[in-house]
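Quick note: numbers below take in every heavy atom, side chains included, and nothing from hydrogens, waters or symmetry partners. What you see is a predicted model, and the numbers here were worked out from it, not measured in a lab. Throughout, residue positions are numbered sequentially from 1 according to the sequence presented.
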Amino acid sequence: MLTRIAGGRVIDPAHGRDAVGDVWVRDGYIVDAPPGAQADQTHDARGKVVMAGAIDIHSHIAGANTNTARLLLPEQHKASTRRPAETPLSTAGWSTFETGCRYAEMGFTTVVEPAVSPHHALHAHLELADTPIIDKAILSVLGNDDFLLGLLRQKDGPAAIRDHVAWTLQTSRALGIKCINAGGAVAFKANARSFSLDDAVPHYGVSSRAIFKALQHAVRELGVPHPLHLHCNNLGMAGNVETALATIAAAEDVPLHLAHVQFYAYGKEGERGFSSAAPRLAEAVNAAKVVTVDVGQVMFGQTVTISSDVLRQFDARHQAKPRKWVIFDGDANGGGIVPYNYRASDFYNAVQWAAGLELFLLIDDPSRVFFTTDHPNGAPFTTYPEIFALLMSRELRAEWIAKLPKEAMAATTLPSIAREYTLAEIATMTRAAPARLLGLSDRGHLGAGAVADVAVYDDGQGRARMFGSAALVFKDGELVVRNGKVTHYRFGRALTVRPDYDAAMDRRMAAYYDTRYGLADDFIKVPDFAIPRPAPFGLVPCAR
């Protein structure tokens, strides 16, 4: 099957392309224009923008916290979408099924769930397998688990850490490693209510800094493409920019990705002791070339915060709206679910909204700042089109700023920023750069050999409408969306890495689970037959 997407404005930053032309697809892959060939089907893209399928590197769409949030807030199911008659529950609002459809309708074709405990990996993969159209991946969480902290306490050395990280990646079928408030959850169990970069974990005697550094080096030395994905200490606290700056300094020359940095961009200036410190954080990111970040943009409205940072969620429970929450002190990280309503009239929420946009606009290189709302923590992923529009129009931002508390805007620099993102910069931030950061050389671009993930948007109708409802979306060359609605259902792959490790780690982990829990270690493994579909996993190569 040869397909021609004809006459659109093709924006492909990976190849420096921004011009009217064609994109050709054969058997699921992008190909060069075949001389003299006649397409089996042609789609008219004149007057439209053609980009690679978008990639979301940080969105909580599966796992224990997500499911607990679904159970805690049934009223939000009704608020999202009325359940159609005579349909299974899996198609209810914000279900796995609807998540895949709504991502595809916006032109997204790959999404990463960034926080799955290895013990919950099988269930997360089953959920993601029920999420149609898009390709998926998980990041496995380490940094508060007894085995890793025991290795550090015993000074077993870097080789043991590497083997444990590789074993975790293989058994959980993950694409990378996430670390959340390293050591903080263990300290919480010992009644600590704050935990900073150089605090020592009770009973283990290792600092948060030592934990994340050990994981950071292990990930690099294994050749895992995606750097350690770090959720820093002191999330959400006034003055926490100092923590973020210290963490960036600690990265030294080893790649590191910092998650949802908007929640770490706070100073203590002003009468309320709360201000945006985004310019300081952006300056540090600009200077630290090994550091990448995603923003975690806040948008106004009802959402629910979900996190394995049990310290943060325990502290935030008094802000729950509606007044109900779940905090659990579980294996490794534990977690918490706290519903929250970001209000435009609220000083603190307005500063948070502005701080996220400041980070987007003050970080110079769009290939090192990634587009997220930390779904659903800052806002649902369905608000992405509105945020694209804000980044692309100073005039639109000014309209929003005029409606927000003046004292809040005075605590930020946003009103003075003139930068407007171009379509090419949006394509870099959502396509080319995330593919490179995740090691996915087969996507994020429209060059020959790429999987044919293609999004076609109507131009000239306003950026929010444009990005909210793609005219056409192709996944692996199959047309799946037309005029903003899914027209064809299919199921993607889960992307994984498989770094090598010493087989002695298998014996150590088997003995550990048998001694501690009386369980065989295969309870944690995600087997090949777990997902009864052809080729459910896609292997991403490691550098070593």
Side-chain angles (χ1 to χ4, degrees), residues 1-46 48-57 104 106-112 133-135 137 175 225-226 292 365-368 370-371 421-457 459 467 470-481 492-493 495 497 535 538-543:
M1 170 71 79
L2 182 63
T3 300
R4 178 188 178 199
I5 303 169
R9 178 184 172 188
V10 180
I11 300 178
D12 181 15
H15 294 93
R17 185 179 180 187
D18 185 350
V20 173
D22 297 345
V23 173
W24 291 81
V25 175
R26 187 191 295 278
D27 300 333
Y29 292 89
I30 305 290
V31 295
D32 291 327
Q38 294 295 316
D40 297 300
Q41 58 178 236
T42 297
H43 297 274
D44 186 359
R46 288 175 296 177
K48 297 180 172 60
V49 171
V50 181
M51 297 182 179
I55 301 169
D56 191 340
I57 70 165
M106 296 192 304
F108 282 75
T109 50
T110 304
V111 179
V112 176
I133 301 175
I134 57 176
D135 286 338
L175 187 64
H226 186 46
T292 55
D365 183 355
S367 70
R368 294 205 293 125
F370 293 87
F371 186 88
Y421 267 65
T422 65
L423 282 171
E425 287 177 318
I426 294 289
T428 296
M429 186 170 56
T430 57
R431 274 83 173 170
R436 187 163 59 246
L437 186 70
L438 296 168
L440 307 179
S441 59
D442 65 350
R443 65 195 68 201
H445 64 91
L446 296 172
V451 293
D453 292 356
V454 185
V456 181
Y457 299 100
D459 202 357
F467 285 111
L472 301 169
V473 178
F474 299 83
K475 180 74 190 83
D476 291 338
E478 296 182 18
L479 181 62
V480 293
V481 170
R493 299 170 292 273
L495 306 173
V497 291
L539 186 62
V540 177
C542 291

If you define the side chain from C-beta out and look only at heavy atoms, does anything of [X] sit under 4.5 Å from [Y]?
{"X": "Thr3", "Y": "His43", "answer": "yes"}
{"X": "Val540", "Y": "Leu175", "answer": "yes"}
{"X": "Val25", "Y": "Phe474", "answer": "no"}
{"X": "Met1", "Y": "Asp27", "answer": "yes"}
{"X": "Arg431", "Y": "Ile11", "answer": "no"}

Gap between atom [atom2] of [Y] and atom [atom1] of [X] - 0.5 Å precision:
{"X": "Asp365", "Y": "Met429", "atom1": "CG", "atom2": "CE", "answer": "11.5 Å"}
{"X": "Arg9", "Y": "Asp18", "atom1": "CZ", "atom2": "CG", "answer": "4.0 Å"}
{"X": "Asp12", "Y": "Thr428", "atom1": "CG", "atom2": "OG1", "answer": "9.5 Å"}
{"X": "Tyr457", "Y": "Leu472", "atom1": "OH", "atom2": "CG", "answer": "11.0 Å"}
{"X": "Arg436", "Y": "Leu438", "atom1": "CZ", "atom2": "CG", "answer": "11.0 Å"}
{"X": "Met106", "Y": "Asp56", "atom1": "CE", "atom2": "CG", "answer": "8.0 Å"}

Minimum heavy-atom separation for [X] to [Y], with atom names?
{"X": "Val10", "Y": "Gly21", "answer": "CG2-O, 3.8 Å"}
{"X": "Ala470", "Y": "Val481", "answer": "O-CG1, 3.9 Å"}
{"X": "Val451", "Y": "Arg493", "answer": "CG1-NH2, 4.5 Å"}
{"X": "Ala450", "Y": "His445", "answer": "CB-CE1, 3.4 Å"}
{"X": "Met51", "Y": "Leu423", "answer": "CE-O, 3.7 Å"}
{"X": "Leu495", "Y": "Ala137", "answer": "O-CB, 3.5 Å"}

Can you name the side-chain hydrogen bond (donor to acceptor under 3.5 Å, both in side chains) partners of [X], sequence neighbours left out?
{"X": "Thr292", "result": "His257"}
{"X": "Ser441", "result": "none"}
{"X": "Asp442", "result": "none"}

Note: Asp135-Lys475 ion pair, threshold 4.0 Å (strictly below):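 Here Asp135 pairs with Lys475 in a salt bridge, since their nearest N and O are under 4.0 Å apart.
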Under 3.5 Å: donor-acceptor pair, side chain of Asp453, backbone of Ala52: no
Pair Thr109, Arg443: side-chain N/O donor-acceptor within cut-off below 3.5 Å: no
